[in-house]
Amino acid sequence: MSSLLISASGVRGIVGEALTPEVAVRFSAAFGRFVKGGAVVVGSDTRTSNEMFRYAVFSGLLSTGCTVIDVGICPTPSLQLLVESLGADGGVAITGSHNPVEWNALKFIRGDGLFLYPEEGERLLQIYQEDRIRRVAWDRIRKVRREESAIENHIRRILSVVDREKIKRKGFKVVIDACNGAGALISPEVLRRLGCKVIKLNCEPNGIFPHPPEPVPSNLGELSRVVRNEGADIGFAHDADADRVALVSEKGEVPPPHYSLLLATRFVLSRKPGTVVTNLSTTQALEDIAKEYNCELIRTKVGDIYVSRCMREKKATIGGEGNGGVIIPEVHYARDGIAAMALLLEYLATCQRPVSELIKEVPRYYMIQKKVKFPRENFPSLEGNLKRKFKEDELNFLDGVRINLKEGWIHIRASGTEPVTRIISEARTKEKAQALYNLALEYLKLSRK
Ligand code: MG
(Lines give C-alpha, C1' and ligand atoms only; values in the text may rest on other atoms or scores of the structure.)
Protein backbone atom coordinates (compact mmCIF):
# COMPACT_ATOMS: atom_id res chain seq x y z
CA MET A 1 0.00 0.00 0.00
CA SER A 2 1.48 3.33 -1.01
CA SER A 3 1.13 6.24 1.36
CA LEU A 4 -0.57 9.54 0.80
CA LEU A 5 1.93 12.32 0.12
CA ILE A 6 0.85 15.59 1.61
CA SER A 7 2.82 18.74 0.90
CA ALA A 8 2.15 22.44 1.24
CA SER A 9 0.65 22.70 -2.24
CA GLY A 10 -1.61 19.66 -2.09
CA VAL A 11 -2.08 15.96 -1.72
CA ARG A 12 -1.06 13.16 -4.08
CA GLY A 13 -1.06 9.41 -4.21
CA ILE A 14 -1.77 6.31 -6.24
CA VAL A 15 -5.41 6.16 -7.27
CA GLY A 16 -7.46 3.61 -5.33
CA GLU A 17 -4.66 2.96 -2.86
CA ALA A 18 -3.72 6.09 -0.94
CA LEU A 19 -5.73 8.57 -2.97
CA THR A 20 -9.42 7.72 -2.64
CA PRO A 21 -12.63 9.72 -3.16
CA GLU A 22 -12.98 9.86 0.65
CA VAL A 23 -9.63 11.68 0.92
CA ALA A 24 -10.63 14.02 -1.91
CA VAL A 25 -13.96 14.89 -0.27
CA ARG A 26 -12.30 15.61 3.06
CA PHE A 27 -9.48 17.70 1.60
CA SER A 28 -11.93 19.67 -0.53
CA ALA A 29 -14.18 20.26 2.47
CA ALA A 30 -11.14 21.50 4.40
CA PHE A 31 -10.35 23.82 1.49
CA GLY A 32 -13.99 24.96 1.42
CA ARG A 33 -13.61 26.05 5.04
CA PHE A 34 -10.25 27.58 4.25
CA VAL A 35 -11.89 29.88 1.65
CA LYS A 36 -14.84 30.45 4.00
CA GLY A 37 -17.43 28.98 1.67
CA GLY A 38 -16.44 31.22 -1.27
CA ALA A 39 -16.41 30.59 -5.02
CA VAL A 40 -13.95 27.87 -6.10
CA VAL A 41 -12.95 27.02 -9.67
CA VAL A 42 -12.36 23.29 -10.30
CA GLY A 43 -10.57 21.83 -13.31
CA SER A 44 -8.67 18.68 -14.16
CA ASP A 45 -6.22 17.16 -16.61
CA THR A 46 -7.39 14.25 -18.78
CA ARG A 47 -6.64 11.30 -16.44
CA THR A 48 -9.42 8.72 -16.51
CA SER A 49 -9.61 8.77 -12.68
CA ASN A 50 -10.60 12.43 -12.77
CA GLU A 51 -14.28 11.71 -13.35
CA MET A 52 -14.37 10.10 -9.90
CA PHE A 53 -12.35 12.86 -8.21
CA ARG A 54 -14.30 15.75 -9.78
CA TYR A 55 -17.53 14.68 -8.08
CA ALA A 56 -15.71 14.06 -4.80
CA VAL A 57 -14.17 17.56 -4.95
CA PHE A 58 -17.56 19.11 -5.83
CA SER A 59 -19.16 17.34 -2.83
CA GLY A 60 -16.52 18.44 -0.37
CA LEU A 61 -16.71 22.05 -1.53
CA LEU A 62 -20.53 22.15 -1.64
CA SER A 63 -20.74 20.65 1.86
CA THR A 64 -18.95 23.70 3.25
CA GLY A 65 -21.14 26.23 1.44
CA CYS A 66 -18.90 26.95 -1.57
CA THR A 67 -20.11 27.85 -5.03
CA VAL A 68 -18.37 25.51 -7.47
CA ILE A 69 -17.28 26.79 -10.87
CA ASP A 70 -16.61 23.73 -13.02
CA VAL A 71 -14.27 24.26 -15.98
CA GLY A 72 -13.93 20.57 -16.86
CA ILE A 73 -10.70 19.48 -18.54
CA CYS A 74 -8.32 22.39 -18.37
CA PRO A 75 -4.54 22.95 -18.30
CA THR A 76 -3.39 23.98 -14.82
CA PRO A 77 -2.04 27.38 -15.97
CA SER A 78 -5.40 28.17 -17.68
CA LEU A 79 -7.18 27.27 -14.45
CA GLN A 80 -4.85 29.41 -12.34
CA LEU A 81 -5.35 32.38 -14.65
CA LEU A 82 -9.15 31.97 -14.61
CA VAL A 83 -9.26 31.97 -10.79
CA GLU A 84 -7.57 35.36 -10.93
CA SER A 85 -9.63 36.67 -13.88
CA LEU A 86 -12.98 35.73 -12.31
CA GLY A 87 -11.99 37.11 -8.91
CA ALA A 88 -12.84 33.71 -7.39
CA ASP A 89 -11.76 32.82 -3.85
CA GLY A 90 -9.70 29.81 -4.85
CA GLY A 91 -9.27 26.86 -7.15
CA VAL A 92 -8.65 23.13 -7.13
CA ALA A 93 -6.58 21.50 -9.87
CA ILE A 94 -7.12 17.75 -10.11
CA THR A 95 -3.96 16.62 -11.85
CA GLY A 96 -1.19 14.09 -11.51
CA SER A 97 0.85 16.48 -13.69
CA HIS A 98 4.03 14.78 -14.96
CA ASN A 99 3.54 11.64 -12.83
CA PRO A 100 2.63 8.26 -14.34
CA VAL A 101 -1.02 7.56 -15.10
CA GLU A 102 -1.76 5.65 -11.88
CA TRP A 103 -1.03 8.79 -9.85
CA ASN A 104 -3.32 11.69 -9.22
CA ALA A 105 -3.34 14.75 -6.99
CA LEU A 106 -5.30 17.75 -5.78
CA LYS A 107 -3.51 21.09 -5.84
CA PHE A 108 -5.02 24.09 -4.11
CA ILE A 109 -4.99 27.58 -5.58
CA ARG A 110 -5.28 31.00 -3.91
CA GLY A 111 -7.61 33.75 -5.07
CA ASP A 112 -4.72 35.38 -6.97
CA GLY A 113 -4.14 32.22 -9.01
CA LEU A 114 -0.94 31.10 -7.26
CA PHE A 115 -0.71 27.83 -5.36
CA LEU A 116 -1.16 28.05 -1.60
CA TYR A 117 1.82 29.53 0.18
CA PRO A 118 3.48 26.97 2.51
CA GLU A 119 2.04 28.57 5.67
CA GLU A 120 -1.44 28.46 4.10
CA GLY A 121 -0.90 24.82 3.17
CA GLU A 122 -0.15 24.16 6.84
CA ARG A 123 -3.39 25.83 7.88
CA LEU A 124 -5.34 23.77 5.33
CA LEU A 125 -3.76 20.62 6.71
CA GLN A 126 -4.77 21.60 10.25
CA ILE A 127 -8.39 21.89 9.11
CA TYR A 128 -8.12 18.54 7.29
CA GLN A 129 -6.91 16.90 10.49
CA GLU A 130 -9.66 18.34 12.71
CA ASP A 131 -11.94 15.65 14.17
CA ARG A 132 -14.94 17.07 12.45
CA ILE A 133 -14.89 19.57 9.62
CA ARG A 134 -17.82 21.96 10.00
CA ARG A 135 -20.39 21.58 7.20
CA VAL A 136 -23.32 23.83 6.30
CA ALA A 137 -27.04 23.01 6.68
CA TRP A 138 -29.21 21.97 3.74
CA ASP A 139 -30.42 25.47 2.98
CA ARG A 140 -26.91 26.82 2.44
CA ILE A 141 -25.80 24.28 -0.14
CA ARG A 142 -25.14 26.06 -3.41
CA LYS A 143 -24.82 24.98 -7.04
CA VAL A 144 -22.17 23.79 -9.47
CA ARG A 145 -21.88 26.30 -12.30
CA ARG A 146 -20.33 25.30 -15.62
CA GLU A 147 -17.82 27.80 -17.03
CA GLU A 148 -16.50 27.51 -20.58
CA SER A 149 -14.12 30.48 -20.80
CA ALA A 150 -10.93 29.18 -19.15
CA ILE A 151 -9.08 28.25 -22.32
CA GLU A 152 -10.15 31.23 -24.44
CA ASN A 153 -9.27 33.56 -21.56
CA HIS A 154 -5.80 32.04 -21.41
CA ILE A 155 -5.26 32.09 -25.19
CA ARG A 156 -6.14 35.79 -25.35
CA ARG A 157 -3.73 36.64 -22.54
CA ILE A 158 -0.89 34.72 -24.21
CA LEU A 159 -1.52 36.29 -27.63
CA SER A 160 -1.53 39.75 -26.07
CA VAL A 161 2.04 39.39 -24.78
CA VAL A 162 3.79 38.04 -27.90
CA ASP A 163 4.34 39.68 -31.29
CA ARG A 164 1.69 37.77 -33.22
CA GLU A 165 2.35 39.32 -36.60
CA LYS A 166 6.08 38.69 -36.44
CA ILE A 167 5.48 34.98 -35.66
CA LYS A 168 2.76 34.70 -38.31
CA ARG A 169 5.06 36.04 -41.01
CA LYS A 170 7.43 33.10 -40.47
CA GLY A 171 4.74 30.45 -41.03
CA PHE A 172 6.51 27.96 -38.79
CA LYS A 173 5.86 24.26 -39.08
CA VAL A 174 5.44 22.97 -35.51
CA VAL A 175 4.84 19.51 -34.02
CA ILE A 176 3.04 19.48 -30.67
CA ASP A 177 2.99 16.38 -28.43
CA ALA A 178 0.39 16.91 -25.69
CA CYS A 179 0.66 13.30 -24.42
CA ASN A 180 -3.16 13.15 -24.75
CA GLY A 181 -3.28 15.54 -21.79
CA ALA A 182 -5.03 18.87 -21.20
CA GLY A 183 -2.58 20.77 -23.41
CA ALA A 184 -4.30 19.15 -26.41
CA LEU A 185 -7.22 21.54 -25.87
CA ILE A 186 -5.16 24.69 -26.11
CA SER A 187 -1.68 24.45 -27.66
CA PRO A 188 -2.72 23.42 -31.21
CA GLU A 189 -5.17 26.35 -31.21
CA VAL A 190 -2.54 28.82 -29.95
CA LEU A 191 -0.19 27.61 -32.69
CA ARG A 192 -2.92 27.93 -35.32
CA ARG A 193 -3.62 31.53 -34.31
CA LEU A 194 0.11 32.22 -34.54
CA GLY A 195 -0.04 31.23 -38.18
CA CYS A 196 1.82 27.94 -37.73
CA LYS A 197 1.32 24.80 -39.72
CA VAL A 198 0.43 22.49 -36.83
CA ILE A 199 1.18 18.78 -36.73
CA LYS A 200 -0.69 17.27 -33.80
CA LEU A 201 0.87 14.31 -32.03
CA ASN A 202 -0.97 12.66 -29.12
CA CYS A 203 -3.54 15.45 -29.07
CA GLU A 204 -6.61 13.38 -28.13
CA PRO A 205 -7.55 14.60 -24.64
CA ASN A 206 -8.50 11.09 -23.50
CA GLY A 207 -6.02 10.48 -20.67
CA ILE A 208 -4.53 7.40 -22.34
CA PHE A 209 -0.87 8.38 -22.19
CA PRO A 210 1.14 7.01 -25.14
CA HIS A 211 4.36 7.56 -23.15
CA PRO A 212 5.08 8.63 -19.57
CA PRO A 213 3.94 12.28 -19.33
CA GLU A 214 7.17 13.75 -17.96
CA PRO A 215 8.65 15.77 -20.87
CA VAL A 216 12.19 14.39 -20.58
CA PRO A 217 14.32 13.17 -23.54
CA SER A 218 13.68 9.45 -22.86
CA ASN A 219 9.93 10.03 -23.42
CA LEU A 220 10.18 12.14 -26.56
CA GLY A 221 11.54 9.72 -29.16
CA GLU A 222 8.35 9.78 -31.24
CA LEU A 223 8.23 13.58 -31.22
CA SER A 224 11.84 13.72 -32.36
CA ARG A 225 11.14 11.35 -35.26
CA VAL A 226 8.04 13.23 -36.40
CA VAL A 227 9.86 16.59 -36.31
CA ARG A 228 12.61 15.17 -38.52
CA ASN A 229 10.33 13.30 -40.92
CA GLU A 230 8.01 16.27 -41.38
CA GLY A 231 10.87 18.75 -41.75
CA ALA A 232 9.34 20.86 -38.96
CA ASP A 233 11.02 23.95 -37.50
CA ILE A 234 10.53 22.87 -33.89
CA GLY A 235 8.68 20.36 -31.70
CA PHE A 236 7.09 20.95 -28.30
CA ALA A 237 6.00 18.49 -25.59
CA HIS A 238 3.83 19.10 -22.53
CA ASP A 239 3.20 17.07 -19.42
CA ALA A 240 -0.42 16.07 -18.67
CA ASP A 241 -1.49 19.49 -17.34
CA ALA A 242 0.72 21.58 -19.64
CA ASP A 243 2.46 23.71 -17.04
CA ARG A 244 5.70 22.41 -18.51
CA VAL A 245 7.11 22.44 -22.02
CA ALA A 246 10.18 20.77 -23.53
CA LEU A 247 11.49 21.43 -27.02
CA VAL A 248 12.96 19.43 -29.89
CA SER A 249 15.18 21.04 -32.54
CA GLU A 250 14.56 20.90 -36.30
CA LYS A 251 17.23 18.18 -36.42
CA GLY A 252 15.30 16.07 -33.92
CA GLU A 253 17.70 16.76 -31.04
CA VAL A 254 16.01 16.52 -27.63
CA PRO A 255 17.93 18.60 -25.07
CA PRO A 256 17.10 18.35 -21.33
CA PRO A 257 13.85 20.14 -20.39
CA HIS A 258 15.69 23.11 -18.85
CA TYR A 259 16.50 24.35 -22.36
CA SER A 260 13.03 25.88 -22.65
CA LEU A 261 13.82 28.02 -19.60
CA LEU A 262 17.35 28.82 -20.84
CA LEU A 263 16.23 29.96 -24.30
CA ALA A 264 13.22 31.89 -22.97
CA THR A 265 15.47 33.65 -20.44
CA ARG A 266 18.05 34.60 -23.04
CA PHE A 267 15.32 36.08 -25.26
CA VAL A 268 13.57 37.98 -22.48
CA LEU A 269 16.77 39.42 -20.97
CA SER A 270 18.05 40.53 -24.39
CA ARG A 271 15.01 42.82 -24.62
CA LYS A 272 14.37 43.66 -21.00
CA PRO A 273 17.15 43.03 -18.46
CA GLY A 274 15.93 42.26 -14.93
CA THR A 275 15.95 39.75 -12.11
CA VAL A 276 15.79 36.01 -12.86
CA VAL A 277 14.46 33.57 -10.26
CA THR A 278 14.93 29.80 -10.16
CA ASN A 279 15.41 27.04 -7.60
CA LEU A 280 18.58 25.62 -6.08
CA SER A 281 18.53 22.55 -8.35
CA THR A 282 18.53 24.36 -11.70
CA THR A 283 21.50 24.39 -14.05
CA GLN A 284 24.44 26.80 -13.74
CA ALA A 285 23.85 27.68 -17.41
CA LEU A 286 20.95 29.90 -16.31
CA GLU A 287 23.27 31.81 -14.00
CA ASP A 288 25.75 32.24 -16.88
CA ILE A 289 23.01 33.63 -19.13
CA ALA A 290 21.87 36.08 -16.43
CA LYS A 291 25.51 37.21 -16.03
CA GLU A 292 25.84 37.81 -19.79
CA TYR A 293 23.17 40.49 -19.40
CA ASN A 294 24.49 41.74 -16.02
CA CYS A 295 21.33 40.50 -14.36
CA GLU A 296 20.82 39.12 -10.89
CA LEU A 297 19.78 35.49 -10.42
CA ILE A 298 18.04 34.49 -7.19
CA ARG A 299 17.75 30.85 -6.16
CA THR A 300 14.85 29.67 -3.96
CA LYS A 301 13.91 26.39 -2.33
CA VAL A 302 12.67 23.72 -4.72
CA GLY A 303 8.90 23.91 -5.37
CA ASP A 304 7.15 26.10 -7.90
CA ILE A 305 5.41 28.22 -5.27
CA TYR A 306 8.77 29.41 -3.87
CA VAL A 307 9.81 30.56 -7.35
CA SER A 308 6.42 32.20 -8.10
CA ARG A 309 6.34 33.98 -4.77
CA CYS A 310 9.89 35.27 -5.02
CA MET A 311 9.27 36.45 -8.61
CA ARG A 312 6.26 38.45 -7.51
CA GLU A 313 8.07 39.96 -4.52
CA LYS A 314 11.16 40.88 -6.53
CA LYS A 315 9.21 41.91 -9.65
CA ALA A 316 11.35 39.49 -11.63
CA THR A 317 11.55 39.61 -15.41
CA ILE A 318 11.46 35.84 -15.90
CA GLY A 319 11.93 32.66 -13.92
CA GLY A 320 11.06 29.03 -13.60
CA GLU A 321 12.42 25.59 -12.97
CA GLY A 322 14.73 23.20 -14.76
CA ASN A 323 11.91 20.72 -15.38
CA GLY A 324 10.47 22.82 -18.23
CA GLY A 325 8.30 25.07 -16.03
CA VAL A 326 8.72 28.63 -17.30
CA ILE A 327 7.04 31.61 -15.58
CA ILE A 328 6.31 34.71 -17.67
CA PRO A 329 5.04 37.49 -15.39
CA GLU A 330 3.16 39.36 -18.16
CA VAL A 331 0.88 36.31 -18.41
CA HIS A 332 0.87 35.42 -14.71
CA TYR A 333 3.19 34.18 -11.95
CA ALA A 334 2.43 30.52 -12.62
CA ARG A 335 4.41 27.93 -14.57
CA ASP A 336 2.97 27.98 -18.05
CA GLY A 337 4.12 25.62 -20.78
CA ILE A 338 1.74 27.13 -23.32
CA ALA A 339 2.85 30.74 -22.87
CA ALA A 340 6.47 29.54 -22.93
CA MET A 341 5.84 27.84 -26.28
CA ALA A 342 4.50 31.08 -27.78
CA LEU A 343 7.43 33.07 -26.38
CA LEU A 344 9.96 30.60 -27.83
CA LEU A 345 8.35 30.97 -31.26
CA GLU A 346 8.73 34.72 -30.97
CA TYR A 347 12.42 34.17 -30.17
CA LEU A 348 12.78 32.01 -33.30
CA ALA A 349 11.01 34.62 -35.42
CA THR A 350 13.21 37.39 -34.00
CA CYS A 351 16.64 35.77 -34.24
CA GLN A 352 16.09 34.19 -37.66
CA ARG A 353 18.20 31.14 -36.82
CA PRO A 354 17.25 27.48 -36.36
CA VAL A 355 16.65 26.04 -32.88
CA SER A 356 19.67 23.74 -33.13
CA GLU A 357 21.96 26.80 -33.30
CA LEU A 358 20.27 28.45 -30.31
CA ILE A 359 20.79 25.24 -28.34
CA LYS A 360 24.47 25.18 -29.28
CA GLU A 361 25.00 28.71 -27.97
CA VAL A 362 23.89 27.79 -24.45
CA PRO A 363 26.80 27.17 -22.01
CA ARG A 364 27.38 23.40 -21.77
CA TYR A 365 27.21 21.54 -18.48
CA TYR A 366 26.76 17.93 -17.53
CA MET A 367 24.19 17.10 -14.85
CA ILE A 368 23.66 13.90 -12.87
CA GLN A 369 20.33 13.47 -11.05
CA LYS A 370 19.66 10.41 -8.91
CA LYS A 371 17.44 9.31 -6.07
CA VAL A 372 18.79 7.41 -3.09
CA LYS A 373 17.45 6.08 0.19
CA PHE A 374 18.74 8.39 2.91
CA PRO A 375 16.47 9.09 5.89
CA ARG A 376 15.50 12.70 6.56
CA GLU A 377 16.60 12.28 10.23
CA ASN A 378 20.23 11.97 9.09
CA PHE A 379 20.38 15.44 7.55
CA PRO A 380 21.69 17.17 10.74
CA SER A 381 24.56 14.69 10.88
CA LEU A 382 25.25 15.29 7.15
CA GLU A 383 25.30 19.05 7.72
CA GLY A 384 27.76 18.62 10.59
CA ASN A 385 30.10 16.51 8.50
CA LEU A 386 30.02 18.94 5.59
CA LYS A 387 30.66 21.94 7.84
CA ARG A 388 33.86 20.28 9.06
CA LYS A 389 35.10 19.78 5.49
CA PHE A 390 33.94 22.81 3.47
CA LYS A 391 34.23 26.56 3.90
CA GLU A 392 31.19 28.47 5.09
CA ASP A 393 30.67 30.27 1.79
CA GLU A 394 30.69 26.95 -0.10
CA LEU A 395 27.61 25.69 1.77
CA ASN A 396 23.98 26.69 1.48
CA PHE A 397 21.37 25.14 3.81
CA LEU A 398 18.24 26.85 2.47
CA ASP A 399 16.81 23.55 1.19
CA GLY A 400 18.75 20.44 2.17
CA VAL A 401 22.41 21.11 1.37
CA ARG A 402 23.92 22.78 -1.65
CA ILE A 403 27.69 22.66 -2.00
CA ASN A 404 29.11 25.28 -4.38
CA LEU A 405 32.62 24.53 -5.58
CA LYS A 406 34.85 25.93 -8.30
CA GLU A 407 34.49 22.79 -10.43
CA GLY A 408 30.70 22.57 -10.03
CA TRP A 409 27.95 22.10 -7.49
CA ILE A 410 26.04 19.40 -5.58
CA HIS A 411 22.50 19.63 -4.20
CA ILE A 412 21.27 17.03 -1.71
CA ARG A 413 17.69 17.30 -0.48
CA ALA A 414 14.80 15.19 0.77
CA SER A 415 12.17 15.09 -1.98
CA GLY A 416 8.91 16.92 -1.28
CA THR A 417 6.91 14.58 -3.50
CA GLU A 418 8.50 11.15 -3.00
CA PRO A 419 9.98 9.33 0.03
CA VAL A 420 13.56 9.62 -1.28
CA THR A 421 16.61 11.90 -1.14
CA ARG A 422 17.66 13.51 -4.39
CA ILE A 423 21.26 14.14 -5.34
CA ILE A 424 22.07 16.46 -8.22
CA SER A 425 25.58 17.32 -9.33
CA GLU A 426 26.66 19.50 -12.22
CA ALA A 427 30.04 20.32 -13.79
CA ARG A 428 31.56 21.18 -17.16
CA THR A 429 32.30 17.53 -17.96
CA LYS A 430 30.73 14.15 -17.26
CA GLU A 431 33.81 13.01 -15.32
CA LYS A 432 33.76 16.02 -13.02
CA ALA A 433 30.00 15.70 -12.45
CA GLN A 434 30.50 12.01 -11.61
CA ALA A 435 33.32 12.85 -9.17
CA LEU A 436 31.06 15.36 -7.42
CA TYR A 437 28.24 12.81 -7.29
CA ASN A 438 30.60 10.24 -5.77
CA LEU A 439 31.70 12.81 -3.19
CA ALA A 440 28.05 13.31 -2.21
CA LEU A 441 27.58 9.54 -1.81
CA GLU A 442 30.64 9.35 0.45
CA TYR A 443 29.24 12.01 2.74
CA LEU A 444 25.85 10.29 2.88
CA LYS A 445 27.57 7.06 3.88
CA LEU A 446 29.54 8.88 6.55
CA SER A 447 26.38 10.51 7.93
CA ARG A 448 24.20 7.41 8.26
CA LYS A 449 23.33 6.52 11.83
MG1 MG B 1 2.56 19.61 -14.61
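Whatever order the structure lists ligands and atoms in, that order sets their numbers, starting from 1. Note: hydrogens, waters and symmetry copies are ignored here, and every other heavy atom, side chains too, is used.
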Of all the N, O or S atoms in [X], which one sits nearest to the Mg ion (ligand 1)?
X    : value
D239 : OD2
D243 : OD1
D241 : OD1

Can a salt bridge be assigned to the pair [X] and [Y] using a cut-off of 4.0 Å between side-chain N and carboxylate O?
X    : Y    : answer
D70  : R54  : yes
D233 : K173 : no
R156 : E152 : yes

* Whether F379 and F374 hold their rings parallel, tilted or perpendicular, with breakpoints at 30° and 60° ->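 Taking F374 first and then F379, their aromatic rings stand perpendicular (interplane angle over 60°).
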* Asked: For the Mg ion (ligand 1), does an N/O/S atom of S97 lie at less than 2.8 Å?
  -> yes
